[in-house]
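Encoded as structure tokens, the structure appears first; notes follow it.
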Amino acid sequence: MPHLWNIVTLAGDVRHRRAADRDTVSRLQREEQALVAKYGPGPAPAGGLLTDADHHVASLALDMTRALLADGTLAMRDLPVRLCARCGHMAGAGTAGDCRSCDHGGARVARRSLLVFDRTAHGPVLERDDIHAAGARTPMHLLSIAHHAPQLLVLSRTRDHGVDLAPLGLEGMVLDPRAGLHVAVLAAAGEQGAVRPVMTVTENAAANVAAYGAPFRRHGAVRLRYALHGKIPYETAASDQLYEVHRAQAVRELFTDWYLPLCAARERAGVSAARIPALLKFLRRAHLARPATPPGDLLTDLRHRAAAGDMRWVTDARALACALSDRENTSGPLGPTRGAL
């Protein structure tokens, strides 16, 4: 599945403006270079890369926005805003101090037409059913954070790069990147023919984007859900000594590229560095015990659990051995070429 990247950011705008080669390297080229650099030497992800500024994502975003304006979910409102006196950057309601775009200290108040999402008639912007994780605890803190988002959310922003809202009459503004990233998932789902896309995000990221993405989690029959995952201490997992001590060189790439991400989905608070050796030993033993042909009933149950987002199988030795066998023998739901968005 494609790796999704949010490149419509204020930090990206600032980085581009401050670059010595800004007159010869475009904003888009700079983001493309940054994406290549993220993966270092070696092949790019097999599923490709998708950003919230790609052409077909922008096209879908405008189509969805027009439909949401037509049904009253979104609206255009003329509201007072604070603009930087030098560059015109629009500051958020709770933003104070120097301009975050150009560091200028002066601001002016003006009225501007904005794209807004009024949550008053929408109901909760995040519910338990929006989380793809059967059998896991309900992330009540995330539901609370989303519930306390402002009632009126501004979805148009002053950025140098992104989904241009000029066709809607909002000159010089782009769609809020927190909404745009959701549209990128729906665009990827459309390419794959999927109707139940799942976007993997950290809990912190979900807390930041859920409210702004709420109007963009459905499109036709497609509904987007979040799969929460914790952070992975890859610096610890990259230690040569770790694999020498545990005689686990044969499963090194399997551990870092496949098993640790699954563990992160199981342990949403994050995988601690202290647990890395134990997880490696567990994987190695399961790998040695994998059957030539996994039992049909166990494989069927495992596929149901994986499809429902029940990640408890990751620490079940018999289920993990079955998954490893299926991964080697097929390119099916547990195989190396399939996964969640």
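All residue numbers in this chain count up from 1 along the given sequence.
With ring centers used as reference points, H287 lies 6.0 Å or more from F282.
Using a 4.5 Å heavy-atom cutoff, the side chains of W5 and L181 are not in contact. Residues L83 and R112 form a side-chain contact, since some pair of their non-hydrogen atoms from C-beta on lies under 4.5 Å apart. Contact check for L153 versus D176: no side-chain heavy atoms found under the 4.5 Å cut-off.
Of the listed residues (E31, Q29, R30), just one forms a side chain to side chain contact (heavy atoms under 4.5 Å, CB included) with R27, and that residue is E31. For the side chain to side chain contact (heavy atoms under 4.5 Å, CB included) criterion with T51, the lone passing option out of L4, I7, L28 is I7.
The aromatic rings of Y243 and F255 sit perpendicular to each other, their planes meeting at more than 60°, with 30° as the lower class boundary.
Under a hydrophobic-cluster definition in which Ile, Leu, Val, Met, Phe, Trp and Tyr are linked whenever side-chain heavy atoms come within less than 4.5 Å, directly or via other members, L114 and V8 are assigned to different clusters. L49 and M199 are not part of a single hydrophobic cluster, where members link through side-chain heavy atoms under 4.5 Å apart. A continuous path of ILVMFWY side-chain contacts below 4.5 Å connects M76 to L152, so both sit in one hydrophobic cluster. Cluster membership check: M311 does not share its hydrophobic cluster with L298, using side-chain heavy-atom separations under 4.5 Å among Ile, Leu, Val, Met, Phe, Trp and Tyr. Linking ILVMFWY residues whenever their side-chain heavy atoms come closer than 4.5 Å, directly or via other members, leaves V174 and L170 in distinct clusters.
Look at D118 and R77 and you find a salt bridge, because one of the NZ, NE, NH1 or NH2 atoms lies within 4.0 Å of a carboxylate O, short of that distance. Classification of D13 and R18 as a salt-bridged pair fails, no side-chain N sitting under 4.0 Å from a carboxylate O.
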- Query: Please walk me through it: do R252 and D240 pass salt bridge (Lys or Arg N to Asp or Glu O under 4.0 Å)?
  - Reply: CA-CA 9 Å; R252 181 170 185 158; D240 292 332; 2.8 Å; yes
- Given side-chain contact (heavy atoms from CB on, under 4.5 Å), test Y212 with L175 step by step and report yes or no. CA-CA 10 Å; Y212 289 83; L175 183 66; over 6 Å; no
- CA sep, side-chain torsions, deciding dist, call: T65, L69, side-chain contact (heavy atoms from CB on, under 4.5 Å): CA-CA 6 Å; T65 302; L69 285 168; 4.2 Å; yes
- Item | side-chain contact (heavy atoms from CB on, under 4.5 Å) evaluation trace for L10 with H89 | CA-CA 10 Å; L10 179 60; H89 174 69; 3.9 Å; yes
- Message: For D129 and R225: C-alpha separation, side-chain torsions, deciding distance, then whether salt bridge (Lys or Arg N to Asp or Glu O under 4.0 Å) applies.
- Response: CA-CA 8 Å; D129 194 43; R225 290 183 174 86; 3.6 Å; yes
- Message: What verdict does the side-chain contact (heavy atoms from CB on, under 4.5 Å) test give for I276 and L260, after you've listed the backbone C-alpha separation in whole Å, the side-chain angles of each residue and the deciding distance to 0.1 Å?
- Response: CA-CA 9 Å; I276 292 294; L260 274 182; 3.8 Å; yes
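Of all non-hydrogen atoms in P277 and A274, the two that sit nearest each other are CD-O, 3.5 Å. Here the closest heavy-atom approach between residue H182 and residue F216 is recorded as CB-O, 3.8 Å.
D21 places no side-chain N or O within 3.5 Å of a backbone atom of T24 that could act as its donor or acceptor partner. No donor-acceptor pair closer than 3.5 Å links the side chain of D316 to the backbone N or O of R312. The backbone N or O of D78 sits less than 3.5 Å from a side-chain atom of R111, completing a donor-acceptor pair.
How far OG of S113 is from CE of M173: 8.5 Å, rounded to the nearest 0.5 Å.
With a 6.0 Å radius and a threshold of 12 heavy atoms from other residues, nucleotides or ligands, R17 has its CZ atom above the threshold. Heavy atoms from other residues, nucleotides or ligands lying under 6.0 Å from CZ of R284 number more than 12. By the 6.0 Å contact criterion, NE2 on H141 is enclosed, its count of non-hydrogen atoms from other residues, nucleotides or ligands being greater than 12.
No side-chain donor-acceptor contact under 3.5 Å links E203 and H229.
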